[in-house]
Amino acid sequence: KLMPTQKVKLTTTPQKVAAANSPAYIQSHHNRFRFAFGPSQPTNLEASHQDMQVYTDGALGDLWAWVSYPSNNDTVIVST
């Protein structure tokens, strides 16, 4: 099921922002965010990538995103 472009509020807890086998583009307008791929919510948050945007074709699995520190600009734009 495809969803339109939407705004997602990130917290310090990883949340699934895109499903496996589904293309997705995520971008922050303000701050870098952390992300990782896998079938379940990451528990080792150091084993992650950090960027302001990421595109995935879905081949690496579910995409999880979070921030290291809370702020007022912790939203990302997600298109799936």
Side-chain angles (χ1 to χ4, degrees):
K1 177 184 173 186
L2 295 178
M3 291 189 288
T5 299
Q6 58 186 336
K7 188 169 149 179
V8 175
K9 172 77 172 164
L10 296 182
T11 68
T12 55
T13 301
Q15 60 182 297
K16 185 163 70 171
V17 294
N21 305 310
S22 184
Y25 182 74
I26 293 101
Q27 182 180 38
S28 168
H29 292 174
H30 302 285
N31 299 324
R32 290 185 296 179
F33 57 92
R34 291 190 174 273
F35 63 97
F37 298 93
S40 57
Q41 187 181 61
T43 54
N44 179 2
L45 301 187
E46 294 302 312
S48 62
H49 304 279
Q50 185 171 258
D51 210 328
M52 288 187 70
Q53 59 188 14
V54 59
Y55 171 80
T56 177
D57 63 4
L60 294 174
D62 293 340
L63 174 59
W64 301 80
W66 66 96
V67 290
S68 296
Y69 306 100
S71 80
N72 291 328
N73 293 318
D74 294 339
T75 55
V76 290
I77 308 303
V78 179
S79 296
T80 55

* Kindly indicate whether the side chain of Ile26, heavy atoms from C-beta on, has any atom under 4.5 Å from the side chain of Val17. => yes
* Give, for atom CG of Asp57 and atom CG of Asn21, the distance between the pair rounded to the nearest 0.5 Å. => 9.0 Å
* To do: State the CZ-CG distance between Phe33 and Asp74, to the nearest 0.5 angstrom.
  => 11.5 Å
* So, Ser71 versus Asn31: side-chain donor-acceptor pair below 3.5 Å or not? -> yes
* Asked: Which residue, His49, Met52, Gln53, forms the side chain to side chain contact (heavy atoms under 4.5 Å, CB included) with Arg32?
  -> Met52
* To do: Any chance you could measure Arg34, atom CZ, to Asp51, atom CG, to the nearest 0.5 Å?
  => 11.5 Å
* **Under 3.5 Å donor-acceptor, Asp62 side chain and Ala20 backbone** => yes
* Under 4.5 Å between any side-chain heavy atoms of Thr12 and Ser68, yes or no? -> no
* Could you grab the distance from atom OG1 of Thr5 to atom CD of Gln27, nearest 0.5 Å is fine? => 10.5 Å
* Structure fact -> Taken to the nearest 0.5 Å, the spacing of Ser40 OG from Lys16 NZ works out to 10.0 Å
* Structure fact -> Here the ring pair (Phe, Tyr, Trp, His ring centres under 6.0 Å) pairs for residues 53-80, sequence neighbours left out, are none
* Between NE2 of His29 and CD1 of Ile77, what distance do you get to the nearest 0.5 Å? -> 5.0 Å
* Judged by atom type as modelled, is there a donor-acceptor pair below 3.5 Å linking the side chain of Ser22 to the main-chain atoms of Ala19? -> no
* **Same apolar cluster: Tyr25 and Leu10, side chain cutoff 4.5 Å** => no
* **Greater than 12 external heavy atoms within 6.0 Å of Lys7's NZ** => no
